[in-house]
Amino acid sequence: MCVAVSGKLIEKDENNGRVNIRGNVITVELGIVDAEVDDYVLVHAGCAIAKVSQSDSEELDELLREIGQ
Amino acid sequence: MKINAAHGGGGKLMNRLIHDIFEKHFANETLSAMEDAAVLNLPAGKIAFTTDSFVVTPLFFPSGDIGKLAVCGTVNDLLMRGAIPKYLTAGFILEDGLDTETLEQVAASMKQAADEAGVQIVAGDTKVIDGKGGLYINTAGIGLVETSLNVSVHRAEAGDVVLLSGFLGNHHASIQSGRLGIENKIQSDCAPLNDMVLGLLKAGVEVHTLRDITRGGLASVLNEIAEGSGVCIGLDGGLILADAEVQGFCDILGLDPLYMGNEGKLVAMVPERDAQKALSVLHNARYGENAQRIGKVSACEKPIVTIRTRAGGTRRIDTLQGEGLPRIC
Amino acid sequence: MKSIEQCIQTIKAYSGPSIRLMEVCGTHTHSIFEHGIHDLLSPQISLISGPGCPVCVTPANYIDRAAEMALREGWTLCTFGDMMRVPGEQGSLLEAKARGGDVRIQYSPMDVLGWAEAEPNRTFVIAAVGFETTLPVYALLMEHLLDHGLKNVRLLTSLKAILPALHWICESDPAIDGFLGPGHVSAILGSAAYEPLCKKHHIPLAVAGFSFEQIVLAIHDLLMQVQADTCEAHNLYTNVISQEGNLRALQLVDKYFVHQTSNWRGLGEIEASGYVLKPEFECFDAGSQFVVNETPERNGCLCGQVIIGRISPADCPNFGTICTPASPQGPCMVSMEGTCGIWYANQA
């Protein structure tokens, strides 16, 4: 239902951070996610809503391994 | 100095404006004669003639401004019919409150673009209206059609190859980024495409159709060509249509490069036997380094534009409906 | 270890009883068409679209109320881009803007903070629509409004809860065999939130991402579950979704919003399926509770049937005839995530 995009947190202060999405840097609210600089976060409507724990390809490998078991 | 109603009054103030800004920068004999109309010596044969108006805000954006747009837009429209651009007119509507320094910057930029495009601005007009410092420009242009080819939206044929001159979305993204406070290095691609188009003609490529990809994006242009020529256009799968930064910008706002506006990109339909040569010409031409082959034209009953999907089937690409606005869902 | 190609083969080769899987989320419908996923399905598997398009389920009268506020002297209506062309009973927000209404497009509700501070004598109303993905963003906005002491911002809410809607769908149409769970709503709710639904209605759910591979894996998982007759909520978007969800977001939502019965355009009232501001924050509300949709859809619009998968867009007599993207009769044709709009754009 929702356009969201992941990017790297490159800077943060108390409430806000700057996230780099393939060379585009936007200011993002950090109020509902515990993220540190260099973490990847999922951004929706100007707000980080989740941390991204691994790349899509790493996740894919893991899921495929589980199916095989 | 701020423009006011007196600058449009037809008196001394207006004459000074015309002389100090337009005549100074556009600098050619025809204009300096300050006649009511420019009389031009043109060879016998076909003339291409077009007009366009420009209302973009902000007036200045990364790698461009309204003046550069006004010149390149009309120049490119002429080129899309295979014409060699020669002369432009420029009509200015100035809102009071506009800085003359701003106007001078725009005029200088127009001259620079005109020089690159090999055109002269030979006639003009200025009006001043109430407002808040806005600026609107109309340009009309004449070009010489020296090719025997009829380069037209109605001439795409089954078997033609579809060539795209470069990456999409830069212009739209550069303007929207500024408005939305997204920091990036995206620049407008605003440019005159003389090198590419005249290069294709000179190399003897049998160009059937050329279109510059402005508002509505590639999707809209391809649909116009499909309708205009009564053909189907099938785009290849796995295409990279935008550079990484523009794609990131699109991901943030839920936009699609297929529908974004450009000011220095074209699509060309050429026969398969000329495709390799045409691509080579584009690659060696100014602004064509990222040219690529993106699909093929085929015969069909109902004109449609499709693209191959990741799953190996096809899906339709429709014309843009509405504007490309930032989405939430 | 199975490969993606093998998963695709399994899906293509399935020849058992016919299976109907509902993709809840409009962004999934969009991705499914983009990747061409329908071409991978055996004829025995069909994907049907669900109600996960916030714009599509917002009552027509809501648009009218928002448009009316935009036309008030000294008021500004702030909205996401996708709401602009949705028709209300009396036209769209785009038309209201053309009539002189002050409508501003926001990328984020937070944009309004700066606007409100710059013009303290102007009232800014935010067209606050969305599911649980966006709900915490509005809650954060509330925190900022209180912190900054801003009194000139209001929310006109049409906030929906996805789980009651899914329960309602299961109760009204038992012919759904599995759900492709919404990706980003689940970032907030967590994958475990679907377990009671799965158990009660004996139906599997797989939370999916949006890439080709992620959607294939989720469909594969549902197929396996249907064949094994399990009814579990599985998470196939593990790099983003956790079991428990975003607890901080949920707490913040809880601070400012409360569940209430809500009207879904085309479906009617669903109990506890909406969120409104708590009574103590009433001064930030723009009269949301007084917007109800009791008028039937114009021109026999069947969006309500489409968004719960009872009919496909092609089954609607208006589809492609009087209802097209250029002249949408209902929200499903207008929204970028609207089923009918996506079908129209993608199919010959």
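Quick caveat, the model's predicted, so the values are computed rather than measured. Quick note on labels: first sequence line is chain A, next is B, and so on, each numbered from 1.
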Between Leu42(A) and His184(C), is any pair of side-chain heavy atoms under 4.5 Å apart? yes
Side chain, backbone, both or neither: which part of Gln214(C) has a non-hydrogen atom closer than 4.5 Å to chain A? side chain
Leu60(A) side chain reached by Leu217(C) side chain, heavy atoms, under 4.5 Å: yes
Part of Ser242(C) lying under 4.5 Å from any heavy atom of chain A: neither
Over all heavy atoms of both residues, which pair between Ala50(A) and Ala187(C) is shortest? Give the atoms and the distance, please. CB-CB, 4.1 Å
Answer yes or no: does atom CZ of Phe33(C) have more than 12 heavy-atom neighbours from other residues, nucleotides or ligands under 6.0 Å? yes
Heavy-atom pairs under 4.5 Å with chain C: which of Asp61(A), Asp34(A), Thr27(A) has the most? Asp34(A)
Given 3.5 Å as the limit, does a donor-acceptor pair link the side chain of Asp56(A) with the main chain of Ser211(C), or not? no
Please flag which part of Ser55(A) lies under 4.5 Å from any non-hydrogen atom of chain C: side chain, backbone, both or neither. backbone
Measure the CG-CD distance between Asn15(A) and Glu143(C) for me, rounded to the nearest 0.5 Å. 9.0 Å
Between Leu140(C) and Gly31(A), what is the shortest heavy-atom contact and its length? CD2-CA, 4.0 Å
Atom CD of Glu66(A) and atom NZ of Lys2(C): how far apart are they, to the nearest 0.5 Å? 14.0 Å
For a side chain to side chain contact (heavy atoms under 4.5 Å, CB included) with Ser53(A), tell me which candidate from Ile241(C), Asn239(C), Val240(C) qualifies. Asn239(C)
At a 4.5 Å cut-off on heavy atoms, which part of Val43(A) comes close to chain C: side chain, backbone, both, or neither? side chain
For each of Ile49(A), Val33(A), Ile26(A), Val41(A), tally heavy-atom pairs with chain C at distances under 4.5 Å, and name the one with the top tally. Ile49(A)
With a 4.5 angstrom heavy-atom cut-off, could you sort out which part of Leu236(C) is near chain A: side chain, backbone, both or neither? both
Side-chain donor/acceptor of Asn246(C) to backbone N/O of Ile32(A), under 3.5 Å: yes
Could you walk me through whether Met224(C) and Ile67(A) pass the side-chain contact (heavy atoms from CB on, under 4.5 Å) check? CA-CA 10 Å; Met224(C) 296 296 106; Ile67(A) 298 177; over 6 Å; no
So which atom in Ala45(A) and which in Pro109(C) form the shortest heavy-atom distance, rounded to 0.1 Å? O-CD, 3.9 Å
At a heavy-atom distance under 4.5 Å, which candidate from Leu252(C), Ile4(C), Leu247(C) has the highest pair count against chain A? Ile4(C)
Residue Leu250(C) versus chain A: region with a heavy atom under 4.5 Å: neither
Contact summary for His44(A) and Thr133(C), nearest pair of heavy atoms: CD2-O, 3.6 Å
Is there a side-chain contact (heavy atoms from CB on, under 4.5 Å) between Glu29(A) and His144(C)? Walk through the geometry before answering. CA-CA 11 Å; Glu29(A) 287 280 330; His144(C) 288 311; 2.9 Å; yes
Gln6(C) vs Leu64(A) side-chain heavy atoms within contact, under 4.5 Å: no
